[in-house]
Chemist: 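The structure is given below, and queries will be raised subsequently.
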Amino acid sequence: MKTVRVQYFALLREQRGLSQETLSTAAPDAAALYAELRARHGFTLPPERLRAAVNGEFAAWPAPLKDGDEIVFIPPVAGG
Amino acid sequence: MKTVRVQYFALLREQRGLSQETLSTAAPDAAALYAELRARHGFTLPPERLRAAVNGEFAAWPAPLKDGDEIVFIPPVAGG
Amino acid sequence: MSFRLSAQPLDPAALKASLADAHAGACVTFEGWVRNHNDGRPVLALDYEAYGALAEKEGARIIAEALEKFSVTRVVCVHRTGALKIGDLAVWIGVAAAHRGAAFDACRYLIDEVKVRVPVWKKERYADGSTEWVNCATRGEHPS
Amino acid sequence: MSFRLSAQPLDPAALKASLADAHAGACVTFEGWVRNHNDGRPVLALDYEAYGALAEKEGARIIAEALEKFSVTRVVCVHRTGALKIGDLAVWIGVAAAHRGAAFDACRYLIDEVKVRVPVWKKERYADGSTEWVNCATRGEHPS
């Protein structure tokens, strides 16, 4: 198990009901972590519509997570 | 012979030394009038680099001139 | 040469003044305004939310790309966050260049890339009281 | 929806305010600035001269064409006349539209056409004391 911090924005923030949380997980990578959280919280966005960021930078879904990482799942953007 | 008014702008105004003049001419069209004035005043611009305007609107070089017309020879523009 | 987020109203005159440059003959600006409709639905207001740290990094990368691709002298891009109403300025991009072609091309590149890459989200508030995060609808939410 | 000549300095903020429109989501502006060089020669100042009556007619035609070709809501174009110095604003074009593509395309169309069709002339004053009407050089004047 590792401890990670997850920040939520936009639709994910509203569906989770909070902006960030620190949690323990056995998920080896961001893809597994999103699957775990989606199952728990009923997020409507499928992973293929999201990007992942780890420690303030875009990251590949299968990149391994380590203890202390900060993860953000990025919904489809809509700036401008 | 007809009487026409010619307005000059930019390089033509400077080469003519005035902004407008009223003159009598036998020139049947704008092309002939420019040739006459170019010979008289030494305008450096050849007619193929100019457009003609008659009575406030672009006009074809061979369009006939009539008494009282107002003619402008338009040097290459350079707005913006 | 900066990308910024701002929780306060933008000041286009001040932003444009920051582009001034005696070498520049052309300045092209893009302003994104909150409009009163989207996809046929009347919109009353918007909320913009950003993942600030990554938005500023990605915005800076987009500006660096524009400077690499186009012959421009100065670039500024600022994006609003927070609650906006109809007519408010949501994003301001300004580009100065010696010649207009590069200024237009760079400005267009910047807004096109910002819209799809910078982590900013927009929630529309509609006349019927409903809201929606733009681009975040999923099958099942909205029968098509 | 107007083309105007102005012997007085332009006020971009007031011009842009005239484009405001709750239906518009995009505003693109082009500003032509007097730059300190042209074709490699240092420029000190410029004089713009216009054939006013025909310039305003041709400008109005160009705007009508843009409204026909592009889906835009408002268009304004103003061109300076008289003596301008480095950094001064020579032309201001603003376009508002529901979507940015049309705003960019219309703004680009307007400045491209204005530059080649509207009877306005520019005399550059150089650091060495000489002057030249831009685009009016003829063979013999300047050995190439």
Side-chain angles (χ1 to χ4, degrees), chain B residues 4-23 29-31 33-66 68-80, chain D residues 3 5-6 30-35 38-39 43 46-62 77-81 84 88-93 107-108 110-124 131-142:
Chain B
V4 297
R5 188 163 73 103
V6 180
Q7 284 188 75
Y8 297 105
F9 291 98
L11 183 62
L12 291 177
R13 177 178 54 70
E14 292 190 346
Q15 291 182 341
R16 178 65 186 93
L18 47 77
S19 294
Q20 58 175 76
E21 63 182 332
T22 300
L23 52 87
D29 58 24
L33 180 60
Y34 184 70
E36 176 185 326
L37 295 170
R38 189 183 186 200
R40 194 180 305 159
H41 304 298
F43 298 145
T44 52
L45 286 164
E48 62 270 21
R49 308 232 6 238
L50 303 176
R51 298 182 72 181
V54 177
N55 300 327
E57 196 46 85
F58 292 113
W61 284 106
L65 293 181
K66 58 185 194 306
D69 277 350
E70 303 195 350
I71 295 109
V72 180
F73 301 110
I74 299 176
V77 307
Chain D
F3 179 91
L5 295 169
S6 171
F30 172 82
E31 298 191 355
W33 296 349
V34 179
R35 69 173 191 273
N38 190 20
D39 279 337
V43 174
L46 284 185
D47 295 315
Y48 277 103
E49 180 171 333
Y51 175 15
L54 188 51
E56 298 201 343
K57 271 189 217 172
E58 189 71 355
R61 280 192 285 257
I62 292 168
C77 178
V78 189
H79 202 300
R80 272 300 306 277
T81 58
L84 278 75
D88 279 356
L89 181 53
V91 60
W92 190 92
I93 296 177
C107 191
R108 182 78 190 256
L110 289 160
I111 183 60
D112 286 352
E113 296 296 310
V114 164
K115 283 207 171 226
V116 297
R117 289 168 50 185
V118 172
V120 171
W121 300 275
K122 176 159 65 176
K123 182 181 185 171
E124 291 181 337
T131 64
E132 189 174 299
W133 289 97
V134 175
N135 294 343
C136 289
T138 52
R139 263 173 302 183
E141 281 191 291
H142 295 282

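Residue numbers start from 1 in every chain, and the chains themselves are labelled A, B, ... in the order their sequence lines are given, proteins ahead of strands.
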Chemist: Side chain, backbone, both or neither: which part of D:Val134 has a non-hydrogen atom closer than 4.5 Å to chain B?
Modeler: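 Looking at D:Val134, backbone and side chain both touch chain B.
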Chemist: Counting only heavy atoms closer than 4.5 Å, note whether D:Ala55 contacts chain B via side chain, backbone, both or neither.
Modeler: neither
Chemist: So which part of D:Glu58 gets closer than 4.5 Å to some heavy atom of chain B, the side chain, the backbone, both or neither?
Modeler: side chain
Chemist: So which of D:His79, D:Lys123, D:Glu49 has the biggest tally of heavy-atom pairs under 4.5 Å with chain B?
Modeler: D:Glu49
Chemist: Pick one of side chain, backbone, both or neither for D:Val91, based on which atoms fall under 4.5 Å of a heavy atom in chain B.
Modeler: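 Answer is side chain: those atoms of D:Val91 sit under 4.5 Å from chain B.
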Chemist: Among D:Val116, D:Asp47, D:Val34, D:Leu54, who wins on heavy-atom pairs under 4.5 Å with chain B?
Modeler: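 Among the listed options, the one with the most contacts to chain B is D:Leu54.
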Chemist: Considering only heavy atoms and a distance below 4.5 Å, find which of B:Pro46, B:Pro76, B:Gly80, B:Ala53 pairs most often with chain D.
Modeler: B:Gly80
Chemist: Are side-chain heavy atoms of B:Arg13 and D:Trp133 found at a separation under 4.5 Å?
Modeler: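 Yes, side chains in contact.
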Chemist: Is D:Tyr48 in contact with chain B via its backbone, its side chain, both, or neither, using a 4.5 Å heavy-atom distance?
Modeler: side chain
Chemist: Given that the side chain runs from C-beta out, which part of D:Arg80 has a heavy atom under 4.5 Å from chain B: side chain, backbone, both or neither?
Modeler: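 D:Arg80 has no heavy atom closer than 4.5 Å to chain B.
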Chemist: What's the spacing between B:Leu45 CG and D:Asn135 CG if we round to 0.5 Å?
Modeler: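 Reported value, rounded in 0.5 Å steps: 10.5 Å.
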Chemist: Give me the atom names and distance for the closest heavy-atom approach of D:Pro119 to B:Ile74.
Modeler: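 Heavy atoms only, the tightest pair is CB-CG2, 4.2 Å.
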Chemist: Between D:Lys115 and chain B, which part of the residue has a heavy atom less than 4.5 Å away: side chain, backbone, both or neither?
Modeler: both
Chemist: Name the region of D:Lys122, side chain, backbone, both or neither, that has any atom closer than 4.5 Å to a heavy atom of chain B.
Modeler: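 Both backbone and side chain of D:Lys122 come within 4.5 Å of chain B.
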Chemist: Is there a donor-acceptor pair closer than 3.5 Å between any side-chain N or O of D:Arg117 and the backbone N or O of B:Val77?
Modeler: no
Chemist: Heavy-atom distance under 4.5 Å between the side chains of B:Pro75 and D:Trp121, does that happen here?
Modeler: yes
